[in-house]
Amino acid sequence: EAGVTQFPSHSVIEKGQTVTLRCDPISGHDNLYWYRRVMGKEIKFLLHFVKESKQDESGMPNNRFLAERTGGTYSTLKVQPAELEDSGVYFCASSQGVLTIYFGEGSWLTVV
Amino acid sequence: KQEVTQIPAALSVPEGENLVLNCSFTDSAIYNLQWFRQDPGKGLTSLLLIQSSQREQTSGRLNASLDKSSGRSTLYIAASQPGDSATYLCAVRPGSTSGSRLTFGEGTQLTVNP
């Protein structure tokens, strides 16, 4: 069974540009989460989808971040325009119910 | 606001040693606690999940305990091996089943020397 997959694995963009990260959850998992870890800090929650609906987006830092989940399947996280402080690793995770949460390998974003 | 602290921040041990990693959390109203490992440049691998009603979980050489009332969890690794070298993270889920967010500690970076 395929795990949570994320694309791209690494991205380097200039300040002001746009980046879109994609996540494919484990098949059958209704819950999809985005987290991120910026340099020197702990991993922090961004938002939670249940199927295609946003259950909790209280962790989104500002309106430069937009997450979508098409048809309750894959999800995208767009950062527009990117700022230097957005650099870090963005993790996607999925779960079925409230049990174990499975994380992807992360998308490592560097804004220069 | 839930806060999770992991001690020590880094640990270096010789191969074969038994070791304990500590995790504490400020709000005892949790639903479950999960231990992860992260290898450099990689994602998070789930190791053990302990429900709030449980006291411990075991998987191979790993044993995780939970004392919810005191806000503490420990991860015990027996007979450590160089392949155990990684960052270990604990994360708690809030008490309401509708709570979705995990709150993470900053992790313990473990190095097992051959």
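In what follows, chains are A, B, ... by sequence order, proteins preceding strands, each numbered from 1. We use all heavy atoms of the structure for the numbers below, so side chains are in, but hydrogens, waters and symmetry mates are not.
Residue A/Leu46 does not touch chain B at all, counting heavy-atom pairs closer than 4.5 Å. If you measure heavy-atom distances from B/Gln6 to chain A, you find no contacts under 4.5 Å at all. Both the backbone and the side chain of B/Leu102 come within less than 4.5 Å of a heavy atom of chain A.
Ring geometry for A/Tyr35 versus A/Phe45: interplanar angle over 60°, hence perpendicular rather than tilted (30 to 60°). The aromatic rings of A/Trp108 and A/His10 sit parallel to each other, their planes meeting at less than 30°, with 60° as the upper class boundary.
Salt-bridge formation is not detected for the pair A/Asp56/A/Lys54: no Lys NZ or Arg NE/NH1/NH2 atom is positioned less than 4.0 Å from an Asp or Glu carboxylate oxygen.
Counting heavy atoms of neighbouring residues, nucleotides and ligands inside a 6.0 Å radius, atom CD of A/Gln96 exceeds 12 of them.
Taking A/Ala93, A/Gly106, A/Ser58 one by one and counting their heavy-atom pairs under 4.5 Å with chain B, the maximum is reached by A/Ser58. Residue with the most contacts toward chain A among B/Asn32, B/Leu44, B/Val4: B/Leu44 (heavy-atom pairs, distance under 4.5 Å).
Stacking of A/Arg22 on the aromatic ring of A/Tyr74 is recorded, both the 6.0 Å distance cut-off and the 45° axial limit being met.
Side-chain contact between B/Ser59 and B/Leu47 is absent, with no heavy-atom pair separated by less than 4.5 Å.
Of residues 61-73 of chain B, not one residue has a non-hydrogen atom less than 4.5 Å from any non-hydrogen atom of chain A.
Across all non-hydrogen atoms, the minimal contact from B/Ile30 to B/Gln2 is CG2-NE2, 3.6 Å.
Under a hydrophobic clustering in which Ile, Leu, Val, Met, Phe, Trp and Tyr are joined whenever their side-chain heavy atoms come within less than 4.5 Å, directly or via other members, B/Tyr88 and B/Phe104 fall into different clusters.
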